[in-house]
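When reading the values below, keep in mind they use all heavy atoms of this one structure, side chains included, and skip hydrogens, waters and symmetry mates. In each ligand, atom 1 is the first atom listed, and ligand 1 is the first ligand listed.
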Amino acid sequence: MKIFIDTADLDEIKELASWGIVDGVTTNPTLVAKSGRPFKEIINEIFKIVDGPISLEAVSEKADDMIKEAKSLVSKVSEKYRKNVTIKIPMTPEGLKAVKKLKKEGIKTNVTLVFSANQALFAAKAGASFVSPFIGRLDDIGQEGMQIIEEIMEIFVNYDIETEVIVASIRHPIHVIEAARLGADIATVPPTIIRKMARHSLTDVGIEKFLNDWKKVKK
Ligand code: E4P
């Protein structure tokens, strides 16, 4: 399973990428705003740190505007990193039109704000490289988010659909385990949760004991 980091915080991306567990990055307007840094600066840096798909979100509403925006985002990234540019397109009829055209032009897309298996199916049919079902936001409104991952995986396997499933809006480490057990291709995970995934209290206790016992050994 691939792990993407769901943040625009460059320090976090640098640190967690150094662990050797980050395969890509997803950003969105909220995450970019939260980083407090200019978008141009973020774009230039992220691609240098992670060699994998990096999602940048288009914020237009009409298909033609999304396409223009996608091309302008691609042009902002230096040529050697362009293979990794992925444009996040919202799951709307206009978004689907944009995905179809961008695919023809060889620009990768990640259809975002997906909340049902039908939306995922349409995104895949339109030619999305990735589809991002937001499970945490479904949990937030009292719907079992992971249920749609199960449905999407079943449908994508039934029809050999190549679009990769990015489980998004992850709220805790168990979400990642469940997504992996269902065979989802990718989980995009916030830095705080990546840190929780790496830790276990018994590991800490074990290290402390080994360090203490080692002090007792004659060297
Ligand atoms: C994914 O690409 C999104 O950036 C993200 O997972 C949204 O998560 P949220 O529901 O916590 O905002």
Side-chain angles (χ1 to χ4, degrees), residues 1-10 12-13 16-17 21-37 39 42-43 45-47 49-50 52-60 66 69-70 73 84-92 95-96 98-99 102 107-117 119-120 122-124 126 128-149 152-153 163-180 182 184-197:
M1 186 195 215
K2 283 174 271 187
I3 299 287
F4 287 5
I5 178 167
D6 196 24
T7 188
D9 182 324
L10 294 173
E12 286 286 32
I13 297 171
L16 299 176
I21 50 107
V22 174
D23 302 293
V25 181
T26 52
T27 66
N28 66 36
T30 308
L31 295 172
V32 173
K34 207 168 137 193
S35 79
R37 290 172 101 144
F39 186 50
I42 291 173
I43 287 196
E45 286 305 309
I46 292 184
F47 285 86
I49 308 168
V50 176
I54 315 283
S55 291
L56 307 171
E57 188 143 351
V59 290
S60 309
M66 288 177 195
E69 209 188 328
L73 285 167
N84 287 336
V85 180
T86 305
I87 307 298
K88 262 188 170 178
I89 300 285
M91 178 52 222
T92 60
L96 292 176
V99 167
L102 288 169
I107 297 178
K108 286 201 279 281
T109 54
N110 169 3
V111 174
T112 187
L113 292 166
V114 166
F115 292 96
S116 74
Q119 288 184 317
F122 278 5
S129 317
F130 303 94
V131 62
S132 289
F134 277 34
I135 56 165
R137 293 193 194 186
L138 284 170
D139 289 353
D140 290 345
I141 61 157
Q143 195 180 323
E144 180 57 72
M146 206 52 74
Q147 178 68 39
I148 70 161
I149 303 301
I152 294 168
M153 291 317 298
T163 303
E164 290 186 75
V165 177
I166 305 180
V167 179
S169 187
I170 294 232
R171 298 272 191 266
H172 50 73
I174 295 170
H175 270 157
V176 182
I177 294 173
E178 288 172 343
L182 291 170
D185 305 275
I186 302 151
T188 188
V189 190
T192 46
I193 297 169
I194 292 186
R195 288 177 190 282
K196 286 183 188 168
M197 289 166 66

Quiz item: Can you tell me if T163 uses its side chain to pair, donor with acceptor, with the backbone of V131 under 3.5 Å?
Solution: no
Self-check item: Carboxylate-amine/guanidinium proximity below 4.0 Å for K108 and E164
Solution: no
Quiz item: Is there a donor-acceptor contact under 3.5 Å linking the side chains of S60 and E69?
Solution: yes
Pairwise, report which nitrogen or oxygen atoms of ligand 1 are under 3.5 angstrom from protein nitrogen or oxygen atoms, and how far apart they are.
from     : atom 1 : to   : atom 2 : distance (Å)
ligand 1 : 2 (O)  : K88  : NZ     : 2.6
ligand 1 : 4 (O)  : D6   : OD1    : 2.9
ligand 1 : 4 (O)  : N28  : ND2    : 2.7
ligand 1 : 4 (O)  : K88  : NZ     : 3.3
ligand 1 : 6 (O)  : D6   : OD2    : 2.7
ligand 1 : 6 (O)  : S169 : N      : 2.7
ligand 1 : 10 (O) : R137 : NE     : 2.7
ligand 1 : 10 (O) : S169 : OG     : 2.7
ligand 1 : 10 (O) : R171 : NH1    : 3.4
ligand 1 : 11 (O) : R171 : NH1    : 2.7
ligand 1 : 12 (O) : R137 : NH2    : 2.8

Quiz item: With no hydrogens and no angle check, do the side chains of D6 and T26 hold a donor and an acceptor under 3.5 Å apart?
Solution: yes
Quiz item: Side chains of N110 and T86: is there a donor and an acceptor less than 3.5 Å apart?
Solution: no
Practice problem: Write down the atom of A123, the atom of M91, and the distance for their closest heavy-atom approach. | Solution: CB-SD, 4.4 Å
